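So you know, we letter chains A, B, ... as the sequences are listed, proteins then strands, and number each from 1. The structure displayed is predicted, hence computed values, not measured ones.
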Protein chains: 4
Amino acid sequence: MAKKIKKVDQNKAKKKKAIFESAIENFAKNGFHNTSMSDIAKSAGVADGTLYLYYKNKDDLMIKVFNEMVDEKLELIQEAIKDEKNPLEKLYKVFEYHIELFTNNPDYVRFFVQEVRQSPEFYDRFPDFHPINKYLSLLEDLIKECVDKGYMKQIDPVLAAKILYGSIDFILSEWSLRKDNLPLKNIYKNVIDIFHNGMRYE
Amino acid sequence: MAKKIKKVDQNKAKKKKAIFESAIENFAKNGFHNTSMSDIAKSAGVADGTLYLYYKNKDDLMIKVFNEMVDEKLELIQEAIKDEKNPLEKLYKVFEYHIELFTNNPDYVRFFVQEVRQSPEFYDRFPDFHPINKYLSLLEDLIKECVDKGYMKQIDPVLAAKILYGSIDFILSEWSLRKDNLPLKNIYKNVIDIFHNGMRYE
Amino acid sequence: MAKKIKKVDQNKAKKKKAIFESAIENFAKNGFHNTSMSDIAKSAGVADGTLYLYYKNKDDLMIKVFNEMVDEKLELIQEAIKDEKNPLEKLYKVFEYHIELFTNNPDYVRFFVQEVRQSPEFYDRFPDFHPINKYLSLLEDLIKECVDKGYMKQIDPVLAAKILYGSIDFILSEWSLRKDNLPLKNIYKNVIDIFHNGMRYE
Amino acid sequence: MAKKIKKVDQNKAKKKKAIFESAIENFAKNGFHNTSMSDIAKSAGVADGTLYLYYKNKDDLMIKVFNEMVDEKLELIQEAIKDEKNPLEKLYKVFEYHIELFTNNPDYVRFFVQEVRQSPEFYDRFPDFHPINKYLSLLEDLIKECVDKGYMKQIDPVLAAKILYGSIDFILSEWSLRKDNLPLKNIYKNVIDIFHNGMRYE
DNA sequence: GATGAATGAGATTTCATTCAT
DNA sequence: TATGAATGAAATCTCATTCAT
């Protein structure tokens with residue numbers, strides 16, 4: 001009996017996972033508006049109607065998939081930096097890990113950088129949809145710690161976080177969309193150097 | 001006779017201009033997918049079918065409008081910096097002007113930051129659509145000059161340009177979408193300071 | 001063993017009853033087309049599939065429920081008039097009871113007056129669905145008796161029954177749909193007076 | 001030039017008329033919910049999308065068609081009775097004409113009697129949709145005049161109008177749906193007799 | 001060239017019904 | 001028997017594009 005229930009639940013979980021991944025893949029490849037629910041269903045190997053058993057509608061599907069993906073990645077990042085004590089090293093590790101994660105999942109990059117910037121109307125309709133905010137908060141906290149502990153000079157953590165995020169995000173985006181041949185894996189060192197030591201000639 | 005032809009041509013030019021501006025305005029306000037050809041035609045005061053006399057289809061209209069808009073803004077920027085000799089000052093003026101332009105045209109920001117990031121599939125279909133590239137080239141050239149003339153240390157201009165662009169772009173995007181209350185007008189000084197002097201405690 | 005079977009049968013009967021009542025309630029409140037099988041199943045506390053163990057399909061469920069409801073009400077009416085000997089009084093009591101029943105179950109009125117009028121195509125498909133006929137027959141019989149026994153002049157009972165039914169039905173419908181503030185409870189006296197004594201000035 | 005414009009307008013008018021009549025026919029035959037926009041489009045010989053050039057949506061189509069039909073018929077009725085001075089005769093002529101009109105257009109009867117009784121939710125959404133009210137008003141006014149001028153005894157015109165309307169409506173409905181073989185054309189005399197002189201034995 | 005009515009493919013979503021468990 | 005996840009047909013509606021005038 002217990003076995004039976006388990007099987008059904010396994011099936012449900014498998015199906016949800018399939019939908020989740022098909023959604024990411026399709027949104028990533030073609031964008032939200034050029035991806036139809038039918039496309040996702042077909043990729044996931046389920047009927048169109050099945051999508052609506054798991055998600056209320058297309059918006060809901062997109063938001064849930066997005067949020068879940070971000071949460072998943074953030075957890076990995078936080079796990080990866082939890083043993084590092086030095087806040088500066090922590091900050092740099094975040095980048096290193098961020099880049100590494102996306103390098104290994106190019107679809108995620110595309111999805112992330114394309115769909116995260118939705119229309120104002122979208123933000124108006126879904127005020128809770130601010131997945132980047134969590135990431136920005138993480139950066140802000142680390143920067144604040146760096147400043148407080150004397151690793152950085154007095155700078156506005158909110159602004160600095162945006163600068164850091166914007167840089168990495170754009171680099172990843174270009175890498176993904178234009179198939180840049182930048183050696184992405186080692187790029188974070190250059191980024192860090194520019195931010196930390198500035199560009200000025202000494 | 002010659003006069004008549006001229007008048008007709010003037011009319012044509014006027015009509016094309018009207019379509020162009022209506023398209024920008026509508027795309028900017030509502031995004032590509034939430035703007036119908038009918039919307040644009042109505043704004044421009046022409047019939048739906050008329051759009052197709054000047055542009056092959058909706059994609060074509062969008063790309064041409066986008067590219068032309070970028071060219072126009074870039075020209076303004078280049079005009080604004082042409083008297084400055086110091087490449088570093090030039091670079092910073094680019095930012096100042098960039099921010100100023102978008103501050104005065106918030107709709108443009110949205111259009112630019114939302115629509116510029118198309119799907120890979122879109123780039124495959126329209127390989128000529130790289131409006132940002134021109135801007136990045138400008139930055140790269142200036143950075144290279146800075147390096148060459150000893151204003152900056154040896155850094156990769158391509159990477160540095162992306163970092164600068166990504167930072168500003170994201171800040172503008174956040175400002176526009178989330179109605180940030182950052183004092184945008186003076187922000188460029190902080191950005192420049194971070195990049196130029198680094199974040200490290202001295 | 002016998003006991004066990006009985007219990008199962010009791011369960012079955014209970015379940016069928018639950019479905020029946022949930023169906024009425026839902027159809028009455030929201031109409032046939034705005035009630036889904038799922039709605040009914042949920043109200044009845046059974047699974048969607050269970051409905052199909054007791055009814056062939058949605059149409060079948062509706063027709064059976066409708067017919068049974070009418071039969072139930074008719075039985076109540078017949079019970080209420082069975083001690084009355086005077087056919088005229090009997091006729092008037094039918095009305096009184098009819099109005100009273102619906103006044104106490106406004107949802108039923110809506111169901112009755114809305115759904116009872118089906119499309120010709122529906123009647124073609126389900127020739128057995130003539131719930132009103134039974135009611136009309138009752139009226140016709142009473143009118144005939146009135147005529148035969150000299151309580152009424154020579155009129156066509158079929159026509160007269162339709163006139164009486166149509167009047168009451170429309171008044172109830174208006175009362176229900178437009179939330180008329182007609183004092184429904186006492187209205188039947190006026191109706192009877194008009195029919196019995198006519199409208200002419202004497 | 002004038003001819004040209006006329007032709008286009010003629011075409012539009014013809015198309016609108018075709019949609020109007022197809023809508024009535026389909027609604028009449030199958031009811032609102034069992035008629036799809038595609039059905040109507042097909043009957044009218046136009047594309048699905050064309051319906052939306054003339055009507056905002058399915059509800060709008062139904063309401064506009066209904067109201068227009070009622071207005072048209074009411075105008076005919078008012079034209080037909082305008083020379084009659086005696087209010088009682090006027091009232092009876094209304095019935096005569098009402099029956100005659102619908103006898104000649106059985107589809108109209110079905111549409112009228114089926115769709116007029118919509119769900120309460122429908123009335124809530126479209127408070128302006130009370131096509132019957134106009135007809136009821138006409139009856140009320142005539143009855144009031146009859147009472148005032150001594151042709152009828154003191155009765156409530158609102159109630160009396162509903163009784164008269166409900167009777168005729170139901171008779172027509174039965175005639176239409178069940179293909180009654182009642183001699184519809186002369187029936188109004190019997191109806192009038194019952195109402196005017198009552199049913200009682202004298 | 002200019003028009004705008006007409007088209008019809010395609011998108012989202014619902015829901016009666018089935019069937020493996 | 002009972003379940004309820006899954007199905008997929010069908011409905012409404014939008015809109016880029018065409019073409020007769």
Side-chain angles (χ1 to χ4, degrees), chain A residues 1 3-9 11-12 15-16 33-41 45-61, chain B residues 8-9 11-12 15 33-42 45-61, chain C residues 8-9 11-12 15 33-42 45-61, chain D residues 1 3-9 11-12 15-16 33-41 45-61:
Chain A
M1 178 83 176
K3 232 181 182 175
K4 230 178 183 176
I5 290 173
K6 230 187 201 162
K7 202 171 173 187
V8 167
D9 281 357
N11 259 339
K12 272 182 67 172
K15 216 152 259 191
K16 186 160 194 184
H33 282 102
N34 290 314
T35 297
S36 74
M37 293 300 265
S38 268
D39 291 338
I40 297 172
V46 300
D48 291 13
T50 306
L51 301 187
Y52 293 86
L53 297 179
Y54 295 93
Y55 301 94
K56 220 172 52 199
N57 52 40
K58 198 185 175 188
D59 283 339
D60 183 51
L61 169 58
Chain B
V8 167
D9 279 357
N11 263 339
K12 269 182 64 178
K15 219 158 253 191
H33 285 99
N34 292 316
T35 297
S36 72
M37 293 298 266
S38 252
D39 291 337
I40 296 170
K42 212 172 290 164
V46 299
D48 291 12
T50 306
L51 301 187
Y52 292 84
L53 298 176
Y54 295 95
Y55 300 93
K56 217 171 57 196
N57 52 39
K58 199 187 175 188
D59 282 337
D60 182 50
L61 170 58
Chain C
V8 168
D9 279 358
N11 263 341
K12 269 182 64 175
K15 218 156 256 192
H33 284 100
N34 292 315
T35 297
S36 73
M37 294 298 266
S38 251
D39 291 338
I40 296 170
K42 211 171 290 164
V46 300
D48 292 12
T50 306
L51 301 188
Y52 293 85
L53 300 175
Y54 296 94
Y55 300 93
K56 216 172 56 195
N57 52 39
K58 199 185 174 188
D59 282 337
D60 182 50
L61 171 56
Chain D
M1 179 87 176
K3 232 183 181 173
K4 229 179 184 175
I5 289 173
K6 233 185 196 163
K7 201 173 174 186
V8 168
D9 281 356
N11 257 338
K12 273 181 68 172
K15 215 152 262 191
K16 188 161 194 182
H33 282 103
N34 290 315
T35 297
S36 73
M37 293 299 265
S38 268
D39 291 338
I40 297 171
V46 299
D48 291 14
T50 306
L51 301 186
Y52 294 86
L53 297 178
Y54 296 94
Y55 301 94
K56 219 171 54 199
N57 51 42
K58 199 185 175 189
D59 283 338
D60 183 52
L61 169 58

Rounding to a whole Å, what distance do you find between [X]:[atom1] and [N]:[atom2]?
X      : N       : atom1 : atom2 : result
L53(D) : dG8(E)  : CG    : C1'   : 12 Å
D60(C) : dT17(E) : CG    : C1'   : 14 Å
M37(C) : dA6(F)  : CE    : C1'   : 17 Å
Y54(C) : dT1(F)  : OH    : P     : 7 Å
H33(B) : dT14(F) : NE2   : P     : 17 Å
N34(B) : dA11(E) : CG    : P     : 16 Å
L61(B) : dT17(F) : CG    : P     : 10 Å
D39(B) : dA16(F) : CG    : C1'   : 12 Å

Is there a side-chain polar atom (N or O) of [X] under 4.0 Å from OP1 or OP2 of [N]?
X      : N       : value
S36(C) : dC15(E) : no
T50(A) : dA6(F)  : no
K58(A) : dT13(E) : no
Y55(D) : dC13(F) : no

Exercise. Considering non-hydrogen atoms only, spot the tightest contact between L51(B) and M37(B) and give its length.
Key: CD1-O, 3.3 Å

Quiz item: Closer to the 5' end of DNA chain E via nearest nucleotide, is it G45(B) or T35(C)?
Solution: G45(B)

Exercise. Would you mind telling me which residue lines up with the more 5' stretch of DNA chain E, S38(C) or K15(B), judged by nearest nucleotide?
Key: K15(B)

Rounded distance [0.5 Å steps], [atom1] in [X] versus [atom2] in [Y]:
X      : Y      : atom1 : atom2 : result
Y52(A) : D60(A) : OH    : CG    : 10.5 Å
T35(B) : H33(B) : OG1   : NE2   : 10.5 Å
D39(B) : D48(B) : CG    : CG    : 9.5 Å

Self-check item: Mate of dT3(E) where both pairing distances stay under 3.5 Å, Watson-Crick or G-U
Solution: dA20(F)

Quiz item: Paired with dC15(F) by Watson-Crick or G-U wobble geometry, both distances under 3.5 Å: which nucleotide is it?
Solution: dG8(E)

Self-check item: Full working for side-chain contact (heavy atoms from CB on, under 4.5 Å) between K15(B) and L53(B)
Solution: CA-CA 11 Å; K15(B) 219 158 253 191; L53(B) 298 176; over 6 Å; no

Quiz item: To the side chain of A47(B), which of dT7(F), dG4(E), dA2(F) is closest?
Solution: dG4(E)

Enumerate all atom pairs, one protein N or O and one N or O from nucleotides 18-20 of chain F, separated by less than 3.5 Å.
none

